[in-house]
2 protein chains.
Amino acid sequence: MPDPADKTVLRLREFLPYRLSVLSNTVSRGIADLYDRAFGLSIWQWRVMAVLGENAAITATEIGQFTAMDKVAVSRAVASLLDSGHIAREASLEDGRRALLSLTAKGKDVYEQIVPIALGAERNLVSALSAEEHAQLDGLMEKLARAAAPDRDLW
Amino acid sequence: MPDPADKTVLRLREFLPYRLSVLSNTVSRGIADLYDRAFGLSIWQWRVMAVLGENAAITATEIGQFTAMDKVAVSRAVASLLDSGHIAREASLEDGRRALLSLTAKGKDVYEQIVPIALGAERNLVSALSAEEHAQLDGLMEKLARAAAPDRDLW
DNA sequence: GAAATATAGTTACATATGAAACTATATTAG
DNA sequence: CTAATATAGTTTCATATGTAACTATATTTC
């Protein structure tokens with residue numbers, strides 16, 4: 001029997017990186033639409049809010065680490081969220097370079113509304129899988145993530 | 001025991017769409033670097049070439065269908081590949097709007113060189129998995145793709 | 001067989017993105 | 001204590017990307 005590890009021909013549709021990319025883009029686009037339609041938030045803005053919903057009073061740099069966003073993307077998302085009043089910034093007393101960020105009341109309100117939408121979208125996606133398959137998927141993605149970024153042992 | 005389907009709290013790191021996105025971006029970026037360093041090709045240019053390596057003399061529209069690229073992205077990739085001499089264009093005799101695209105000798109040469117690099121990158125990624133896990137992954141991604149884009153029953 | 005409509009592909013424009021330069025504050029070395 | 005270096009975050013600039021408008025050819029309708 002042929003071992004897939006011996007492949008010498010490339011079929012794009014069977015090529016894992018390609019399949020991952022198409023799947024991820026399809027999923028992300030669908031979800032981004034939900035956030036945008038309901039609250040006018042981009043996926044980057046939402047990620048920042050999501051992290052602030054889990055962790056109060058953290059810095060932009062920490063947000064970048066939690067969200068896998070680069071610092072420019074964080075800076076822009078933070079600027080727009082400050083502007084729209086979803087988050088607030090407070091200078092750090094110990095270190096003048098840092099600024100502590102947190103959700104405002106408005107931001108918390110939006111956050112509480114989006115969480116169920118996001119979880120619903122996730123549930124909808126995994127509804128195609130049994131509980132066992134879902135668990136498998138978690139494990140497989142964990143392994144792939146390690147293989148793809150061996151350095152980043154944070155997660 | 002808690003059923004994950006009952007989640008009411010959102011943890012970004014456990015959120016499937018987010019994990020998919022980060023994984024896909026990490027993988028894609030690594031591979032894009034390979035193509036770019038070795039041949040100065042973007043991932044879009046490479047995808048067009050990959051499809052032309054599998055299917056000779058197809059149109060830009062068909063390339064778009066095979067690669068999940070929109071027509072503007074295909075148009076741009078095609079223009080640059082014509083320019084760099086990797087592909088050639090021939091007007092269709094039956095339909096003046098269509099143009100048939102195919103790899104040139106140079107394009108074929110590059111294609112033959114990239115295929116093993118691409119397959120090697122894929123192998124490296126899935127080397128973290130057993131053969132059984134790899135098969136599971138294929139099945140799970142198939143199901144997720146269907147759930148994410150129920151319309152696109154092409155694949 | 002002309003007018004209306006559809007399709008293939010390109011161009012233009014507005015916006016998003018990333019890399020590098022920059023500002024301001026902290027820390028380290030001597 | 002001052003100079004050199006590091007870090008947090010922003011701005012600038014060049015490029016990438018998506019949407020909509022456009023051109024050219026085909027097809028359909030009457």
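Side chains are part of it too, since the values below use all heavy atoms of this structure and drop only hydrogens, waters and symmetry mates. Sequence lines set the chain letters: A, B, ... in the order given, protein chains first and strands last, and positions in each chain run from 1.
Take the nearest nucleotide of DNA chain C for A:K71 and for A:R76: the residue whose nucleotide is more 5' is A:R76. Each of A:L82 and B:V72 was assigned the nucleotide of DNA chain D with the nearest heavy atom; the assignment lying further toward the 5' end belongs to A:L82.
One finds a side-chain N or O of A:R98 lying less than 4.0 angstrom from the OP1 or OP2 phosphate oxygen of D:dA8. For B:T61, a side-chain nitrogen or oxygen approaches OP1 or OP2 of C:dG9 to under 4.0 Å. The shortest distance between the side-chain N/O atoms of A:S75 and the OP1/OP2 oxygens of D:dG9 is not below 4.0 Å. Close to D:dT17, at under 4.0 Å from its OP1 or OP2, lies a side-chain N or O of B:W44. Side-chain nitrogen and oxygen atoms of A:R89 include at least one within less than 4.0 Å of the OP1 or OP2 phosphate oxygen of D:dT10.
Atom CG of B:D36 and atom P of C:dA19 are 12 Å apart (whole Å). Protein atom CD of A:E62 is 8 Å distant from nucleotide atom P of D:dG9, rounded to whole Å. The nearest whole Å value for the distance from the CG atom in B:L101 to the C1' atom in C:dT10 is 14 Å. When rounded to the nearest whole Å, the span between CG of A:D95 and C1' of D:dA8 equals 8 Å. The nearest whole Å value for the distance from the CD1 atom in B:I63 to the P atom in C:dT10 is 10 Å. Rounded to an integer number of Å, the gap from B:R29 CZ to C:dG18 P is 7 Å. Taking atom CD of residue B:Q45 and atom C1' of nucleotide D:dT15, one finds them 13 Å apart after rounding to whole Å. Whole-Å rounding puts the B:E94 CD to C:dT7 P distance at 18 Å.
The pair A:R146-A:E142 meets the salt-bridge criterion, with a side-chain N (NZ, NE, NH1 or NH2) lying under 4.0 Å from an Asp/Glu carboxylate O.
Nucleic acid contact class of B:S42 (heavy atoms, under 4.0 Å, all strands): none. Counting non-hydrogen atoms under 4.0 angstrom, A:A99 reaches the backbone sugars and phosphates but no base.
The cluster map of Ile, Leu, Val, Met, Phe, Trp and Tyr, joined by side-chain heavy atoms under 4.5 Å apart, puts A:Y111 and A:L82 in the same cluster. Residues A:L103 and A:L100 are members of separate hydrophobic clusters, defined by side-chain heavy-atom contacts under 4.5 angstrom among Ile, Leu, Val, Met, Phe, Trp and Tyr.
Looking only at distances, a side-chain donor or acceptor of B:T67 sits under 3.5 Å from a matching main-chain atom of B:I63. Using a distance-only test at 3.5 Å, with no hydrogens or angles considered, a donor-acceptor pair links the side chain of A:N55 to the main chain of A:V51.
Nearest to the side-chain atoms of B:R97 among the listed nucleotides C:dA8, C:dG18, C:dT10 stands C:dA8.
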